[in-house]
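For reference, the structure is listed below as structure tokens.
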Amino acid sequence: MKSAAVLFFAFLWASPASAERYKVSDEGGFGSTGRFVELSSRFGWESYEVRFEFSLEPGERVLGNNSKLEIAIKRRDGSRWRHRCRVDEEGSMKVNINPRVGGGTSVLVECAILPKLFAKAVGVPVDLVGEPTLVFHAIVEGKEARAGVQKGFYFLPSGQSDAGPMGPYLSPEPDPANLGCLFSAL
């Protein structure tokens with residue numbers, strides 16, 4: 001009985017440590033989405049920086065509770081807009097975790113941003129912004145993680161956003177493959 005208790009407590013002690021912690025940093029400019037005037041040009045964005053710190057729960061397809069995604073947008077005027085999304089904030093972060101063919105794990109995160117917060121990033125009235133979502137893709141291979149290719153913003157229509165300056169960047173449905181603003185790493 002004593003050895004069973006020792007094994008049980010050894011398992012409990014080892015479980016939290018078995019969740020690997022990953023850090024991914026990505027920075028760069030903005031890629032072309034095929035729109036006449038790109039969002040970054042229209043709103044004076046110069047570059048972006050993303051920091052994604054996360055853990056994967058062993059045996060599950062979920063992020064650990066201490067996971068967070070942070071973005072900083074540098075504007076041409078030298079100012080910055082920053083936003084942080086945490087896994088423990090209700091409804092603000094969705095994740096899609098899948099094994100990759102050939103090994104590794106794909107981690108696609110969608111971070112909903114309150115329109116009033118994003119309105120500051122683009123200098124547009126809140127009712128014209130729509131519903132912005134930050135998308136970031138990471139690839140885990142062994143004990144290392146790196147940025148994937150799917151990263152940027154998509155915007156769902158709401159309020160009067162169709163008629164405003166965000167209209168050309170709106171997506172008809174919540175689809176991380178239909179980004180209105182693409183990040184392009186240096």
Side-chain angles (χ1 to χ4, degrees), residues 7-34 39-40 45-74 80-114 117-118 121 131-156 169 171 173-186:
L7 286 174
F8 175 74
F9 285 112
F11 173 76
L12 286 179
W13 179 74
S15 291
S18 63
E20 291 289 328
R21 185 97 177 125
Y22 303 98
K23 293 182 181 180
V24 177
S25 296
D26 189 53
E27 58 186 69
F30 301 95
S32 174
T33 59
L39 183 139
S40 56
W45 290 4
E46 186 174 283
S47 62
Y48 74 91
E49 294 175 10
V50 172
R51 304 287 179 256
F52 183 31
E53 296 181 22
F54 65 101
S55 59
L56 300 173
E57 292 297 325
E60 299 181 42
R61 291 174 41 187
V62 296
L63 291 178
N65 286 335
N66 55 354
S67 300
K68 65 181 175 181
L69 178 64
E70 299 175 319
I71 185 162
I73 301 288
K74 182 179 177 188
R80 289 184 184 267
W81 174 76
R82 297 177 190 274
H83 184 73
R84 181 180 68 204
C85 188
R86 294 172 117 23
V87 78
D88 56 353
E89 295 169 353
E90 192 171 315
S92 67
M93 187 183 281
K94 294 188 288 186
V95 64
N96 188 350
I97 301 172
N98 291 297
R100 294 180 64 221
V101 175
T105 304
S106 170
V107 180
L108 182 70
V109 176
E110 294 180 55
C111 176
I113 301 172
L114 292 173
L117 298 177
F118 192 80
E131 297 177 18
T133 300
L134 171 62
V135 173
F136 191 77
H137 182 219
I139 297 170
V140 177
E141 293 173 328
K143 295 185 182 278
E144 300 292 321
R146 61 180 167 82
V149 295
Q150 196 70 19
K151 49 196 176 184
F153 291 101
Y154 70 80
F155 308 93
L156 296 177
Y169 313 106
S171 176
E173 56 192 37
D175 182 359
N178 190 9
L179 300 175
C181 178
L182 294 175
F183 297 165
S184 178
L186 298 175

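Since the structure is predicted, the reported quantities are computational estimates derived from the model, not experimental observations. All residue numbers refer to positions in the sequence shown, counting from 1.
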What verdict does the side chain to side chain contact (heavy atoms under 4.5 Å, CB included) test give for Arg61 and Asn98, after you've listed the backbone C-alpha separation in whole Å, the side-chain angles of each residue and the deciding distance to 0.1 Å? CA-CA 7 Å; Arg61 291 174 41 187; Asn98 291 297; 2.6 Å; yes

CA sep, side-chain torsions, deciding dist, call: Leu56, Glu20, side chain to side chain contact (heavy atoms under 4.5 Å, CB included): CA-CA 6 Å; Leu56 300 173; Glu20 291 289 328; over 6 Å; no

Is there a side chain to side chain contact (heavy atoms under 4.5 Å, CB included) between Val95 and Val107? Walk through the geometry before answering. CA-CA 7 Å; Val95 64; Val107 180; 4.0 Å; yes

Test log, rule side chain to side chain contact (heavy atoms under 4.5 Å, CB included), inputs Val24 and Phe54: CA-CA 9 Å; Val24 177; Phe54 65 101; 4.1 Å; yes

Identify every side-chain donor-acceptor pair in residues 174-186 under 3.5 Å, counting partners at least two apart or on other chains, and give the distances.
residue : atom : partner : partner atom : Å
Asp175  : OD1  : Ala177  : N            : 2.8
Asn178  : ND2  : Ser171  : OG           : 3.3

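In this structure, Tyr154 OH and Glu131 CD are separated by 9.5 Å, a value rounded to the nearest 0.5 Å. With values rounded to the nearest 0.5 angstrom, Ile71 atom CD1 is found 9.0 Å from Cys111 atom SG. Between the OG atom in Ser47 and the CZ atom in Arg80 there is a gap of 6.0 Å [rounded to 0.5 Å]. If you take CZ on Phe52 and NZ on Lys23, they are separated by 13.5 Å, rounding to the nearest 0.5 Å. The line from CG of Leu39 to OH of Tyr169 is 5.0 Å long, rounded to the nearest 0.5 Å. To the nearest 0.5 angstrom, Ile113 atom CD1 is 8.0 Å from Phe155 atom CZ.
Ion pairing of Arg82 with Glu70 is absent here, as no side-chain N (NZ or NE/NH1/NH2) approaches a carboxylate O to less than 4.0 Å.
Closest approach of Asn65 and Glu57 over heavy atoms only: N-OE2, 4.2 Å. Scanning both residues, Ser67 and Gly64, for their nearest heavy atoms gives OG-O, 2.9 Å. Closest non-hydrogen pair, Met93 versus Cys85, comes out as CE-O, 3.4 Å.
Shown here are the side chain to side chain contact (heavy atoms under 4.5 Å, CB included) partners of Ile139, two or more places apart in sequence or in another chain: Arg100, His137, Glu141, Arg146. Residues passing the salt bridge (Lys or Arg N to Asp or Glu O under 4.0 Å) test with Lys74 are Glu46, sequence neighbours excluded.
Judged by distance alone, the side chains of Asn66 and Ser55 do bring a donor and an acceptor atom under 3.5 Å apart. If you check the side chains of Tyr22 and Glu144, you find no donor sitting under 3.5 Å from an acceptor.
Using a 4.5 Å heavy-atom threshold, the side chains of Ile97 and Leu63 count as touching. Between Lys68 and Val87 the shortest side-chain heavy-atom distance does not fall below 4.5 Å.
Ring pair Phe118/Trp81 is perpendicular by interplanar angle, where above 60° counts as perpendicular and below 30° as parallel.
For the salt bridge (Lys or Arg N to Asp or Glu O under 4.0 Å) with Glu53, the lone residue among Arg84, Arg21, Arg86 that qualifies is Arg21.
Trp45 contributes no side-chain N or O that, together with a main-chain N or O of Phe30, makes up a donor-acceptor pair within less than 3.5 Å.
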